[in-house]
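In what follows, a single structure is set out as structure tokens and then discussed.
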Amino acid sequence: MNVASPTATPVLSGRGIVKKFPGVLALDRVDFDLNAGEVHGLIGENGAGKTTLMHILAGALQPTEGEILLDGQLVHFANARQALKQRICIVYQELNLIPYLSVAENVFLGREVVGTTGLIDAKSQNLRCKELLALLDPSIDPRAQVNTLRVGQQQIVEIAKALNAQARVIFMDEPTSAISDSEVEVLFKLIESLRREGIAIVYVSHKLDELLRITDRITVLRDGKYVDTLVTGDTQQETIVRLMVGRDLSDMYVQNVSEIGEEVLRLDSLSQRSDIGEHLLVEDVSLSVAAGEVLGIFGLMGAGRTELLESIFGLHPKSTSGSVSIHGKRCDLRSPAAAMGHGIGLVPEDRKKQGLVMGMSVENNISLSNIGLIESYALLSRRLEKQHAESYIKQLSIKTPSMRQKASVLSGGNQQKVVLSRVLSTIPRVLLLDEPTRGIDINAKREIYALVDQLKQQGLAIVVVSSELPELLGISDRIMVMCEGRKTAEFSREQANEENLMQAAVPGFQAETTNYA
Amino acid sequence: MHKSSKDLVKCISRFQSLLVLVLMVIAISLLSDRFLTAANGWNIMRQISVNVCLSIGMTMIIIAGGIDLSVGSILALAGAVTAGLIKSPVPIPWLGIELDFTLAGAMIAGIAVGMLLGWFNGQMITRVRIPPFVATLGMLSIARGLTMLWTKGFPITGLGSSFAIIGTANFLGAPVPVWISGLLVLLFIVVTKKTRFGRYIYAVGGNEQASRLSGLDVDRIKLWVYTIAGGLSAVAGLIATSRLDSAQPNAGIGYELDSIAAVVIGGTSLSGGQGSIWGTVLGCLIIGVLNSGLVLLDVSPFWQQVVKGIVILMAVAIDRLRNRGEDQ
Amino acid sequence: MHKSSKDLVKCISRFQSLLVLVLMVIAISLLSDRFLTAANGWNIMRQISVNVCLSIGMTMIIIAGGIDLSVGSILALAGAVTAGLIKSPVPIPWLGIELDFTLAGAMIAGIAVGMLLGWFNGQMITRVRIPPFVATLGMLSIARGLTMLWTKGFPITGLGSSFAIIGTANFLGAPVPVWISGLLVLLFIVVTKKTRFGRYIYAVGGNEQASRLSGLDVDRIKLWVYTIAGGLSAVAGLIATSRLDSAQPNAGIGYELDSIAAVVIGGTSLSGGQGSIWGTVLGCLIIGVLNSGLVLLDVSPFWQQVVKGIVILMAVAIDRLRNRGEDQ
Amino acid sequence: NVVGCSSHKAGPDHNTDAYANEAQIDATGDNRRIAVVISTLNNPWFVVLGESARDRALELGYEATMFDSQNDASKEAAHFDNVIAADYEAIIFNPTDADGSVANVKRAKKAGIPVFCIDREINSTDTATAQLLSDNFSGCVELGKYFVEQVGKKGNYVELLGLVGDNNTWNRSKGFHSVVDRYEGLKMVAQQPADFDRNKALEVMESMLQSHDDISAVFCGNDAMAMGAYQALLGAGKAAQVKIFGYDGSADVVQAIADEKITATVMQYPKLMAIEAAEFAHEYLANGKRDFPQKIPVNVDLVSAENIDEFVGFGKKN
Ligand SMILES: Nc1ncnc2c1ncn2[C@@H]1O[C@H](COP(=O)(O)OP(=O)(O)OP(=O)(O)O)[C@@H](O)[C@H]1O
Ligand SMILES: Nc1ncnc2c1ncn2[C@@H]1O[C@H](COP(=O)(O)OP(=O)(O)OP(=O)(O)O)[C@@H](O)[C@H]1O
Ligand SMILES: O[C@@H]1[C@H](O)[C@H](O)CO[C@H]1O
Ligand SMILES: [Mg+2]
Ligand SMILES: [Mg+2]
């Protein structure tokens with residue numbers, strides 16, 4: 001790794017950056033230096049202020065105090081446009097594409113190729129876009145409408161957009177949270193070549209291994225404060241974690257052996273048709289989960305895991321076939337309400353869109369799924385609702401200024417706990433968790449793992465979908481692998497390892513192992 | 001400290017419409033000594049009672065993330081149906097009988113028609129997935145046409161003194177329409193704030209998908225909201241008809257905009273998930289006081305329209321400027 | 001295979017409104033032999049020209065994620081201003097002069113007034129952050145009041161034969177209003193589909209936040225869209241005024257709903273980011289053919305309203321049923 | 001003028017309670033107010049009507065306010081409530097609807113406020129203090145005769161009706177048909193409402209011309225619609241063949257008759273009607289007059305090329 005010389009002027013730096021949101025001090029006098037040709041990691045717990053810092057340095061937000069220097073010169077960005085003019089780009093954490101425009105139209109948005117007539121030259125845009133995508137993912141058609149692409153592909157389009165802007169500073173906010181491992185490899189290669197061209201890159205991720213692999217330096221933020229900047233080469237994973245959390249962490253995964261009870265959930269050749277095409281998103285999946293057991297489901301992006309959980313939860317009654325049984329009794333799951341009635345709970349993949357009513361208070365969210373608990377004489381009782389919310393806030397140690405606070409102001413990890421509370425309040429016998437730790441920090445992850453273990457002890461049957469292998473290996477009793485909608489393998493905790501799981505997840509594997517599943 | 005300042009902002013925001021209202025009342029009272037009298041107070045409240053009924057339903061629909069352009073047409077049809085049934089029995093030729101409605105029967109039938117049309121709106125929106133704006137725009141036209149067909153374009157008048165009670169009588173010192181709208185307001189404040197159904201309305205408007213995944217039957221909730229709103233429009237239609245002792249085929253034209261204005265002035269956001277009936281009542285009062293004040297102050301009818309537009313803009317502008325920080 | 005089947009769906013969807021239109025034309029022609037004549041064709045096109053002008057602007061506003069309820073009032077004010085300036089010079093007392101407008105000057109002034117009001121809409125929406133529905137609702141009332149004030153409630157009539165050309169003359173065999181609206185359609189198809197500005201309108205409506213972060217000046221784009229739409233409403237006002245040889249103070253009442261209906265029937269989504277002017281033209285034609293057909297078939301005016309409502313619902317329902325899978 | 005006081009108390013037609021009476025005595029002081037409630041100001045006819053009434057009341061020393069009901073009986077009801085609450089002494093009233101407005105007038109009567117209806121009638125013979133109405137029926141009988149004279153005893157024609165809920169609409173139509181229907185050769189091929197509105201008339205007429213290209217005349221329930229019909233005929237190149245008949249005597253139709261664009265109209269005298277209503281109110285309030293005839297027909301005149309020189313908009317040249 002070529003560590004940039006400390007004497008050179010940084011391309012971009014922030015001095016004493018303060019950002020206040022109503023009621024939150026998101027950044028507290030943070031200094032940050034970015035050198036040309038370096039990949040600079042930025043890490044910190046949820047809500048540490050990483051995204052906010054990037055937004056300020058890229059003009060998308062204005063700091064409350066502090067100054068920004070570009071090539072040592074004081075600058076002021078009133079909006080993202082002005083930063084873009086200085087070729088400072090962000091690949092945003094929340095996807096920021098125009099759904100109904102084509103890939104090329106998105107990539108060229110704001111910098112359209114205009115012919116002599118003053119009209120947009122779509123042909124040459126498509127051509128140039130194709131060239132750009134050839135580096136990243138040649139399977140993406142420049143003319144395809146963006147909302148027809150998979151999330152991972154959309155992420156790639158965002159990256160292509162930054163490249164097309166000929167940025168000299170690129171901020172990447174958790175760019176790998178939605179893309180597959182092979183796409184990650186492509187991205188890393190790309191980052192490497194960008195660095196060689198002298199482009200400065202800020203890379204935000206919760207994935208420590210990634211940071212250690214590709215960054216030159218790593219800056220740690222905690223609670224909106226600057227903690228330290230480390231040179232990656234000499235740094236241990238534990239050091240970073242300690243700096244982030246402010247103390248040493250005990251074991252990541254708690255796993256007590258629990259009594260495996262009798263079968264609770266059983267699927268018999270469950271399939272789900274796509275609404276659009278005729279193909280199957282889930283094909284002939286059978287499985288069984290027992291009380292006190294955690295079944296992990298692994299697969300690459302788009303393997304059909306989310307669809308599987310959603311089918312079980314009664315979200316696609318018209319396109320689902322096969323059967324779901326609880327305690328050996330076949331259930332007709334026409335709707336989430338029916339599924340909940342049979343003791344199934346789902347913590348969905350996207351907590352902002354599917355998990356929470358963001359504009360509602362924490363307490364209202366917690367009681368939403370089982371509102372009968374807080375009714376007395378057909379009216380909602382403030383007192384019962386408060387008690388109900390308090391018990392979960394305590395049990396899951398949810399950090400919120402007040403239970404009447406809107407859910408939207410909580411950090412990702414705490415939002416996830418609110419979703420969990422809502423689902424747990426229905427007293428499920430089967431708990432389906434879809435990427436329960438996506439985008440949340442290491443400490444919150446630990447707490448969630450501990451909770452999963454605790455629930456397992458209580459005799460719940462738990463299904464966890466995750467794209468993170470270490471996580472799955474850490475918490476599952478059994479792991480099933482899916483690929484292209486089919487179940488391709490199943491391993492006991494002892495058999496499972498990263499290699500055989502990955503093998504089973506890659507298309508082409510199932511031919512040899514159909515007997516296995 | 002941080003917290004208490006936030007609470008203050010919240011508190012002001014809750015009472016902001018009230019503030020606007022009080023300021024208006026003070027200003028007009030200073031300019032006209034005929035304004036601040038008990039008689040005029042009842043008068044204003046009686047005048048807004050129709051809009052209050054419409055706007056209770058509109059508020060719930062908007063909180064649930066929808067909109068309803070058909071309230072005025074439903075008002076007209078329900079009024080006409082009730083009036084028609086009061087006046088003359090309905091022959092059912094193939095059974096060889098005539099249905100002769102009692103007063104109560106006619107009124108229930110009118111409300112039922114309102115609910116039916118609201119239900120139809122709901123079906124279009126939840127089943128066929130037509131956006132609420134369009135579905136209720138279609139209904140605006142259909143219900144108006146049905147009113148015309150039912151009345152053949154002529155008002156139905158002479159509905160009798162019992163029916164006139166609803167719109168014109170007093171009870172315990174207050175006009176009956178004020179009782180009706182007031183009780184409905186109380187009822188639906190409780191419904192929206194204290195019942196499961198009310199909570200669900202907020203949830204559905206706040207995040208439909210999350211509500212579905214939380215086990216709510218989103219479509220059924222919406223269907224009920226539109227159905228209830230249809231019923232409330234019908235009640236408004238009964239009041240309007242009774243006050244005039246006549247069901248006018250062109251009653252309620254343009255009322256949807258008045259109603260939406262009241263809801264919005266009352267602080268309910270058109271994007272759903274937020275708002276309150278109480279705010280809407282203040283919105284209706286602001287509009288009512290303005291109308292009455294402009295007349296008492298002898299403002300020319302032409303200027304009145306200009307002033308009304310400006311007040312709508314200002315009422316919402318204050319709200320937006322105050323919230324500016326939050327949503328950017 | 002996947003792709004080609006998708007393309008097919010897309011293709012049908014593009015031509016679906018056209019299909020509806022063709023079916024309607026065939027059906028009406030079978031029922032009335034007076035329908036499918038050149039004269040009636042021009043007649044329908046002349047009748048829809050006002051709505052086409054309004055709806056071009058409305059389409060762009062809706063694509064950009066907004067809505068405009070004030071088009072009808074702006075139409076009236078612009079028409080009245082032009083008519084007033086044609087008829088009599090404007091005295092400027094403190095300068096001791098009179099401004100006497102030429103015909104062209106009066107027309108430019110009318111269009112400028114329309115653009116000014118549109119610009120004001122845009123300012124309210126982008127600066128004060130009043131939701132478009134409310135901002136333009138306020139303007140609906142304000143502009144109507146201004147029209148009343150300007151005309152003192154009287155139509156301004158007798159505008160001369162040169163001005164009558166716009167609304168009533170023929171040029172190369174086609175009525176002038178058809179030329180005007182047709183050329184505007186072509187112009188704005190190019191603007192929306194082929195220029196940066198047009199692209200940005202789609203972007204802003206598709207995802208405002210993303211557009212802002214991509215460096216677009218979202219507020220300026222919206223401001224322009226509303227300003228242009230104001231100008232187009234004014235053009236519609238000139239045509240309407242010229243056709244009647246009279247600026248009516250109550251012109252354009254309720255036109256906002258006709259215009260929105262045309263846009264929606266033409267396949268533009270009210271949630272923004274999608275749609276086309278071409279679709280809107282088809283929407284206008286569908287409404288125009290329907291109106292004309294219902295009269296030719298001698299359908300009672302009461303039934304006409306019912307049928308119109310049903311057609312709005314059906315046109316959009318087909319669209320929704322087809323798309324059902326996509327948005328759930 | 002203080003004489004009025006005593007006669008108020010003696011007034012036969014009010015079983016007045018003390019409260020209302022007191023208010024009236026009060027109001028005969030220097031703060032005497034008359035309300036002018038007009039169905040809509042969207043048509044110059046009504047603006048002339050309302051302004052004439054208001055101006056005359058002002059001349060007679062009253063405070064006068066004009067209210068616009070925007071063609072909505074409920075808005076009208078609200079105006080009545082305000083007027084009653086604000087202790088106006090008299091109402092000059094142009095109703096939105098013959099039936100729908102009755103209840104409003106009843107409320108005013110109950111509050112002891114006299115109501116004088118102008119131009120449009122309410123369907124009640126004992127509620128308003130007096131109703132001053134153009135003699136629509138006989139005006140249209142005259143018009144019908146002239147129609148037959150001009151069009152001949154054979155031919156097709158169409159009719160544009162006003163607002164279907166308005167008595168004037170039907171009185172005019174009936175008067176017209178009472179004459180024209182006697183000639184079997186004259187066939188009405190279409191009859192559509194255009195709401196007394198110029199733009200609506202333009203559109204309806206354009207559509208009618210598509211299905212009926214062989215008409216020789218059009219009868220319109222008012223002049224705004226006649227002008228709209230004229231524009232439609234002009235657009236279709238038929239303005240010269242088709243004879244247009246209107247009703248009102250508005251300025252532009254008077255001009256159009258002089259220019260031979262329109263064949264005839266019936267002059268009603270809105271100014272006279274309004275002024276007389278204001279004077280009635282004054283008689284009532286100041287001089288204690290109570291015995292007004294319930295319906296007072298206001299004379300109307302046929303206006304055609306033959307006598308056009310005598311007329312200006314809404315009245316006679318003087
Ligand atoms: N628009 C906003 N309004 C109010 N508070 C905000 C806003 N944006 C961020 N915050 C708060 O500022 C703090 C920093 O948030 P930020 O998104 O920068 O954290 P982060 O480090 O990127 O977290 P994550 O790892 O979850 O992405 C958090 O407490 C967050 O709740
Ligand atoms: N809205 C959509 N439009 C088109 N295709 C979709 C959509 N949602 C999912 N798919 C496709 O359905 C298949 C299964 O997706 P699903 O989300 O179940 O996979 P997954 O294994 O959960 O992956 P992820 O990690 O992305 O959640 C994939 O091919 C995906 O591309
Ligand atoms: O008498 C008047 C006029 O004819 C007017 O043009 C329309 O309304 C009627 O009541
Ligand atoms: Mg972040
Ligand atoms: Mg998934």
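So you know, we letter chains A, B, ... as the sequences are listed, proteins then strands, and number each from 1. Worth saying up front: this structure is predicted, and the values here are computed from it rather than measured.
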Leading residue by heavy atom contact count with chain A [cutoff under 4.5 Å; candidates B:Ala210, B:Gly206, B:Gly273]: B:Ala210

Applying a strict 4.5 Å limit to non-hydrogen atoms, the region of B:Val190 in contact with chain A is side chain

Taking the cut-offs as 6.0 angstrom to the six-membered ring centre and 45 degrees off its axis, would you call B:Lys222 and B:Tyr226 a cation-pi pair? no

Best-contacting candidate, A:Ser367, A:Gly355, A:Ala337, against chain B by heavy atom pairs under 4.5 angstrom: A:Ala337

Checked A:Asn365, A:Leu315, A:Leu346 vs chain B; the most non-hydrogen pairs under 4.5 Å come from A:Leu315

Which one of B:Gln209, B:Lys193, B:Arg199 has the most heavy-atom pairs closer than 4.5 Å to chain A? B:Arg199

Note: A:Ala407 and A:Val357 closest approach over all heavy atoms is CB-O, 4.2 Å

Pair count under 4.5 Å, heavy atoms only, with chain A: among B:Asp217, B:Thr195, B:Leu216, B:Leu213, highest is B:Leu213

Mind checking whether A:His342 and A:Leu333 have side chains closer than 4.5 Å, heavy atoms only? yes

Among A:Asn370, A:Leu379, A:Ile374, A:Asn364, who wins on heavy-atom pairs under 4.5 Å with chain B? A:Asn364

Would you mind telling me which of A:Gln272, A:His316, A:Arg305 makes a side chain to side chain donor-acceptor pair (under 3.5 Å) with A:Glu310? A:His316

Close side-chain approach of A:Ile326 to A:Ile344, heavy-atom, < 4.5 Å: yes

Quick one: what part of A:Glu375 sits under 4.5 Å from any heavy atom of chain B, side chain, backbone, both or neither? side chain

Flag the pair B:Ile62 / B:Leu270 as yes when at least one side-chain heavy-atom distance between them is below 4.5 Å, and no otherwise. yes

